[in-house]
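Remarks on the structure that follows.
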2 protein chains.
Amino acid sequence: MSSEGSRRRDVTVADVAKAAQVSKAQAARALGNYGAVSEDVRERVLAAAEGLGYRPNELARSMNTGKSNTIGVVVGDIENPHFGLATRGITDTAKKSGYNVILINTDEERAAEVDAVQVLLDKRVDGLIVAPASSVETAHLKEVRDSGRPLVLLDRAAEGLDVETFAVDMGTISYESTKYLIEAGHRRIAFVSTVRTDGPYVAGMSLDSSQISDRLEGIRRAFEEEGLSQPMDLVRLNAGDADSIMRITRDLLKGPDAATAIIASDGLIALSVVEAIQESGLSIPSDVSLIMYDDFAWTRLTTPPLTVIAQPVYDMGMAAATALIRQIEGRKSSSPAGPPLEARLVRRGSVGSPKDVGVLSQAGS
Amino acid sequence: MSSEGSRRRDVTVADVAKAAQVSKAQAARALGNYGAVSEDVRERVLAAAEGLGYRPNELARSMNTGKSNTIGVVVGDIENPHFGLATRGITDTAKKSGYNVILINTDEERAAEVDAVQVLLDKRVDGLIVAPASSVETAHLKEVRDSGRPLVLLDRAAEGLDVETFAVDMGTISYESTKYLIEAGHRRIAFVSTVRTDGPYVAGMSLDSSQISDRLEGIRRAFEEEGLSQPMDLVRLNAGDADSIMRITRDLLKGPDAATAIIASDGLIALSVVEAIQESGLSIPSDVSLIMYDDFAWTRLTTPPLTVIAQPVYDMGMAAATALIRQIEGRKSSSPAGPPLEARLVRRGSVGSPKDVGVLSQAGS
DNA sequence: TTGAAAGCGCTAACAG
DNA sequence: CTGTTAGCGCTTTCAA
């Protein structure tokens, strides 16, 4: 209780200068260690600073240098392990280069994102990493671009916006995964995503998420190549919360035209899908096959372990931060691009052949 | 390509004032909306601002108001869903009151934490929420306190530091959970945690984490009450990474004195414990029982679903942010304290009776 | 209401 | 090397 608890005026360079008997400028130079300072002065200043408990005011510093050493990160949902891991990749990389991170959650709400970007700009962050909630409405991102502030995108691209984007090629992996299901004999393949749309899905429709469009396109392509056509009635967007996903799953699994395989667009969705399947008394993969996006540790522990599409999420965050910082510091891309950010299909136990594979094969085309 | 892409000078209040033909002071008042401004002036200024695309410089604003509307959050690992969820609770609450969050990850490294706190203070955040890596070495936190900046703790307490702390009562829930295992017939109950210690664990030893000390104490108490004593050879700290945890688990399950139940200190640990158990060809709960801390969605999907200790993690984050903001804004605690932050044991399928329950019972005491 | 002027704490010219 | 003098963009006296 010896030190006065309440907020006393901060110690400033002026105070330190006085104590060290030098000019404010010299003290500032020694403290900020820039410019030319004699050894003698430096020592006296540092000692005085130490004694007084001086701490630089980074706000003031940022004001005249125009640099805040802070980057803004805008994601849909930090609670989602996908973003948790990506954020870790970002913060780790940022820290190494001396940057801090201001994190804003948008809940995948466009209005919140517009707001977030504005706030970050007002706070004069040195650059922005955003995982755009919409790949279509990107006016606010264009503004960032135009303001001249470095910007990179994570996870999804933005239409008509030419900025570095760090995401895997969803079309290709989706194509491969679908192919894998088709080869196992599946024809009734469902796709479940939470992406919001105005109306029901029709092929080639423009979606808010480039990710999802690409995945759907990959599925279509795989079917087409076999001379089949994708069962559009099994594409379920707007999946919403856990209850809603379970309802959709039950619906998908019902009747003579039931799905025999489900692709879950992310780990959260898969959780509810699996729960609904278990509740229905069906089993994986003998009754239904399942593939989910993202490879989380728990997917190895379910019975059976899940076949997943693994994305190098941490690396994506790292690459995004690295590129952003390069832009901020005005360096040219030194290394070509870092590792290529590829997704891959991890075959575990949740994909099998549908029961009535013979019948379906004939029904195909 | 119409707007000049590169970084042009920002428009300032001075620019707006000139365009609106008023003094800088009046423009600033209208823009910052404080002080007294006539309707006429306000309109002209706002119009001019709009036209010029004026955006306030929050750094400058913070400099003279001494308020940054930013809070600093220091956690061990944002990749851990536990912190992901808590962070969500914090950011949601902060946003509602107009605060932003600077997030720093420490990797549970004390040095990194000391650094983080310093950086945040230098950036003049309005307050700090930290989940201390160590409950013992807390000098840096005391300094925060002394600097007069609001501070609240999350998840773990800090010795001899009288600040609001938001965490559940680990002693009680640990006691109850152990009791539950003992009643099921278990005597050989293991506890696995990643907390780092210098030497092997001895009862009552001071640990870096108040959380873990409390849990251990709860276990001890439960045994004691039954006239038994806790099997100290089954307390495994310093568990480290996944491989290390699997090794420890195999060791715990081996020999005549094998553990019949394991309490995993968090979800990440449980993941590796379960994996090791499965690899050993043993099954839960017939061969080994398991309880883990934190209730994640996936724990319902394993076979069997896991019995867990659920903590209101989101609420903890929310409560911490609420309290911090109250402190910042100098208000007295209005509502008593919000919901009481209680952990509860969720009985699912991973706890059963040990095979040789009869023998062990006799061996007891 | 208004405006002029003085800061906030620091960095950045510019002379010595 | 050192000190003086201006700012950075905003808020805040203080008079008018």
Side-chain angles (χ1 to χ4, degrees), chain A residues 7-46 48-49 52-70 119 121-126 147 149, chain B residues 7-46 48-49 52-70 119 121-126 147 149:
Chain A
R7 205 179 299 206
R8 56 186 185 290
R9 216 183 105 284
D10 286 334
V11 178
T12 73
V13 269
D15 300 322
V16 176
K18 196 171 302 170
Q21 320 237 51
V22 294
S23 73
K24 220 177 57 175
Q26 277 311 83
R29 289 196 256 254
L31 261 8
N33 84 79
Y34 57 91
V37 187
S38 67
E39 204 35 56
D40 174 46
V41 170
R42 159 165 287 111
E43 275 172 19
R44 291 213 321 272
V45 170
L46 262 28
L52 296 174
Y54 168 81
R55 288 271 82 212
N57 181 329
E58 291 296 346
L59 289 178
R61 208 167 249 183
S62 297
M63 265 217 52
N64 356 230
T65 57
K67 251 209 128 224
S68 59
N69 288 304
T70 301
V119 167
L121 251 24
D122 291 354
K123 278 199 184 298
R124 298 305 191 261
V125 295
D126 293 334
S147 83
R149 261 206 185 55
Chain B
R7 207 179 301 205
R8 58 185 183 291
R9 215 183 105 284
D10 286 334
V11 342
T12 74
V13 268
D15 300 322
V16 175
K18 196 172 303 171
Q21 319 238 54
V22 296
S23 73
K24 219 176 59 175
Q26 277 311 84
R29 289 195 255 254
L31 262 8
N33 86 79
Y34 56 90
V37 187
S38 68
E39 204 35 55
D40 174 46
V41 169
R42 159 165 286 112
E43 275 173 20
R44 292 212 322 272
V45 170
L46 262 28
L52 296 174
Y54 168 81
R55 289 269 84 215
N57 182 329
E58 292 296 345
L59 289 178
R61 207 167 250 183
S62 297
M63 265 215 50
N64 0 217
T65 57
K67 250 213 128 221
S68 58
N69 288 303
T70 301
V119 167
L121 250 25
D122 290 354
K123 277 198 185 296
R124 299 303 193 260
V125 295
D126 294 332
S147 83
R149 261 205 186 54

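Letters A, B, ... mirror the listed sequences (proteins, then strands); counts begin at 1. For clarity, every value in this text was computed on a predicted model and none was experimentally measured.
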Mind listing the residues from residues 11-22 of chain A sitting with a heavy atom below 4.0 Å of DNA chain D? Number order is fine. A/Val22
Are the side chains of A/Thr70 and A/Lys123 in touch, meaning some heavy atoms are under 4.5 Å apart? no
If the helix axis at each end comes from five base pairs, how far does the helix from C/dT1-D/dA16 to C/dG16-D/dC1 deviate from straight, to 10°? 40°
Are any of the side-chain heavy atoms of A/Val45 and A/Val22 separated by less than 4.5 Å? yes
Could you give me the CA-CA distance, side-chain angles and deciding distance for A/Asn33 and A/Arg42, then say whether side-chain contact (heavy atoms from CB on, under 4.5 Å) is met? CA-CA 9 Å; A/Asn33 84 79; A/Arg42 159 165 287 111; 4.1 Å; yes
Residue whose closest nucleotide on DNA chain C lies nearer the 5' end, B/Asp40 versus B/Asn64: B/Asp40
Any side-chain heavy-atom pair from B/Leu31 and B/Leu46 closer than 4.5 angstrom? yes
Measure the shortest side-chain to side-chain distance between B/Leu121 and A/Arg55 over non-hydrogen atoms and say whether it is less than 4.5 angstrom. no
Sorted by number, residues from residues 28-39 of chain B placing a heavy atom under 4.0 Å from DNA chain D are B/Ala28, B/Arg29, B/Tyr34
Going 5' to 3' on DNA chain C, which nucleotide is the first and which the last to come under 4.0 Å of a heavy atom in chain B? C/dT1 to C/dG9
Rounded to the nearest 0.5 Å, how far apart are OG of B/Ser62 and CE of A/Met63? 10.5 Å
Note: for A/Arg55 and B/Lys24 on DNA chain C, the residue whose nearest nucleotide lies more 5' is B/Lys24
Between B/Arg29 and B/Val41, is any pair of side-chain heavy atoms under 4.5 Å apart? no
From B/Thr12 atom OG1 to B/Tyr54 atom OH, the distance as rounded to the nearest 0.5 Å: 7.5 Å
When you compare the side chain of A/Val16 with that of A/Leu52, does any pair of heavy atoms fall below 4.5 Å? yes
Suppose we screen for salt bridge (Lys or Arg N to Asp or Glu O under 4.0 Å). Which residues come up paired with A/Lys67, at least two apart in sequence or across chains? A/Asp126
So B/Arg61 and B/Asn69, do their side chains get closer than 4.5 Å, heavy atoms only? no
Looking only at heavy atoms, which two atoms of B/Ala27 and B/Ala17 are closest? And how far apart? CB-CB, 3.7 Å
For DNA chain D, note the earliest and the latest nucleotide, 5' to 3', having some atom under 4.0 Å of a heavy atom belonging to chain A. D/dC1 to D/dG9
Any donor-acceptor pair under 3.5 Å from A/Arg124 side chain to A/Ser68 backbone: no
